[in-house]
Amino acid sequence: MTIATVTTDINIGSFKIPSNGQGMIMNNYAQRENIKVDITIPEPLMSKSLSTVQWMHKKFKLSKIILCSIHQLPTKQKEVNKLLSNLRNVEFHFALEGIKGKGNKFLKNVIKEAKIFRKASIIESSETNWIELFEMIQKKSKKKN
């Protein structure tokens, strides 16, 4: 059984992480988890389907896959279904979130979590301060009550 890290496009959720940075993050995670990585699989630029990973799984029988983030998983339902079908027995590790799991239920849950985060608004940290953020949270909680 083969263990792989996977580099994808630079755009990962709200992050911009070049492939060499992704490699550093995943290798650090693997070292902390005492995982020996066998191969690195580079997905093509702008690819969101992990199709190279699925193709390599047929050849190498991947047992574990390490990704930087849950935000590298497919978003289109057709691609999600293909991933769930082809990689249901592979253990997934997500370095930035520090989570791991196996099976369709686990993958569906992390895909759902990534979807929730995609809907969240991004606050530019250089254009605000902690007091403004605190006040923003206070206003939101008052609207809910």
Side-chain angles (χ1 to χ4, degrees), residues 1-134 136-138 140-141 144:
M1 297 300 230
T2 305
I3 300 172
T5 56
V6 180
T7 59
T8 62
D9 189 62
I10 192 170
N11 298 303
I12 301 173
S14 61
F15 307 111
K16 290 201 181 302
I17 309 172
S19 61
N20 60 344
Q22 293 175 42
M24 290 171 56
I25 291 166
M26 292 181 292
N27 287 333
N28 178 270
Y29 173 86
Q31 184 179 22
R32 285 183 286 129
E33 294 292 315
N34 204 23
I35 298 171
K36 184 190 173 301
V37 175
D38 300 305
I39 59 171
T40 297
I41 302 171
E43 283 288 335
L45 273 152
M46 304 192 55
S47 170
K48 301 283 186 195
S49 63
L50 296 179
S51 56
T52 307
V53 171
Q54 294 176 62
W55 175 71
M56 294 292 280
H57 177 58
K58 290 177 186 175
K59 183 175 182 176
F60 291 103
K61 304 292 183 239
L62 301 173
S63 59
K64 294 180 186 178
I65 293 172
I66 302 173
L67 291 159
C68 276
S69 174
I70 62 176
H71 299 288
Q72 291 170 289
L73 292 170
T75 55
K76 294 181 181 170
Q77 194 58 50
K78 184 178 177 182
E79 294 170 349
V80 168
N81 292 341
K82 193 173 176 185
L83 179 86
L84 293 173
S85 174
N86 293 333
L87 300 175
R88 65 184 167 275
N89 295 322
V90 176
E91 185 176 278
F92 279 80
H93 293 252
F94 301 99
L96 291 176
E97 291 85 6
I99 58 175
K100 62 184 173 188
K102 186 177 185 176
N104 285 356
K105 184 177 179 182
F106 171 75
L107 285 173
K108 285 178 182 178
N109 284 337
V110 294
I111 288 168
K112 182 179 176 182
E113 183 177 340
K115 187 176 184 178
I116 291 168
F117 276 100
R118 278 195 304 279
K119 292 179 181 177
S121 35
I122 297 171
I123 300 168
E124 183 56 52
S125 62
S126 63
E127 296 174 7
T128 190
N129 59 49
W130 290 109
I131 294 170
E132 289 175 0
L133 291 171
F134 178 75
M136 190 184 322
I137 291 169
Q138 294 298 324
K140 272 193 166 185
S141 64
K144 287 181 181 179

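Index from 1, following the sequence.
Other residues, nucleotides and ligands place no more than 12 heavy atoms under 6.0 Å from the CE atom of Met24. More than 12 non-hydrogen atoms from other residues, nucleotides or ligands lie less than 6.0 angstrom from CD of Glu33.
For the atom pair Lys108 NZ and Leu73 CG, the distance stands at 14.0 Å (nearest 0.5 Å). From Ile39, atom CD1 reaches atom CD1 of Ile41 across 4.0 Å, with rounding to the nearest 0.5 Å. To the nearest 0.5 angstrom, Met26 atom CE is 13.0 Å from His93 atom NE2. In this structure, Asn27 CG and Thr5 OG1 are separated by 6.0 Å, a value rounded to the nearest 0.5 Å. If you take CG on Leu107 and NZ on Lys102, they are separated by 11.5 Å, rounding to the nearest 0.5 Å. With values rounded to the nearest 0.5 angstrom, Ile116 atom CD1 is found 7.0 Å from Glu113 atom CD.
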Side chain to side chain contact (heavy atoms under 4.5 Å, CB included) assessment of Val110 paired with Phe92 | CA-CA 10 Å; Val110 294; Phe92 279 80; over 6 Å; no

May I have the step-by-step check of side chain to side chain contact (heavy atoms under 4.5 Å, CB included) for Lys78 and Asn81, ending in yes or no?
-> CA-CA 5 Å; Lys78 184 178 177 182; Asn81 292 341; 5.7 Å; no

Is there a side chain to side chain contact (heavy atoms under 4.5 Å, CB included) between Glu79 and Leu83 once you walk through the steps?
-> CA-CA 6 Å; Glu79 294 170 349; Leu83 179 86; over 6 Å; no

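Here the closest heavy-atom approach between residue Phe94 and residue Phe106 is recorded as CE1-CE2, 3.8 Å. The minimum heavy-atom distance between Ser69 and Ile12, with the atom names listed, is CB-CG2, 3.7 Å. Pairing each heavy atom of Val6 with each of Gln22, the nearest pair is O-OE1, 4.1 Å. Closest approach of Gln54 and Leu87 over heavy atoms only: CG-CD1, 3.9 Å. Across all their heavy atoms, Pro74 and Ser49 have their closest contact at CG-O, 3.8 Å. Of all heavy-atom pairs between Leu62 and Ala4, the closest is CD2-CB, 4.0 Å.
Looking at Leu96 and His71, their side chains never come closer than 4.5 Å, going by heavy atoms from C-beta outward. Looking only at side-chain heavy atoms (C-beta outward), His57 and Val90 come within less than 4.5 Å of each other. Considering only heavy atoms from C-beta on, Ile70 comes within 4.5 Å of Ile99 through its side chain.
At least one donor-acceptor pair closer than 3.5 Å links the side chain of Asp38 to the backbone N or O of Ile3. The closest donor-acceptor contact from the side chain of Thr2 to the backbone of Phe60 lies under 3.5 Å.
Residues meeting the side-chain hydrogen bond (donor to acceptor under 3.5 Å, both in side chains) test with Lys16, sequence neighbours left out: Asn11.
Judged by distance alone, the side chains of Ser63 and Glu91 never bring a donor and an acceptor atom under 3.5 Å apart.
No option in Lys82, Glu43, Met56 other than Glu43 meets the side-chain contact (heavy atoms from CB on, under 4.5 Å) test with Leu50.
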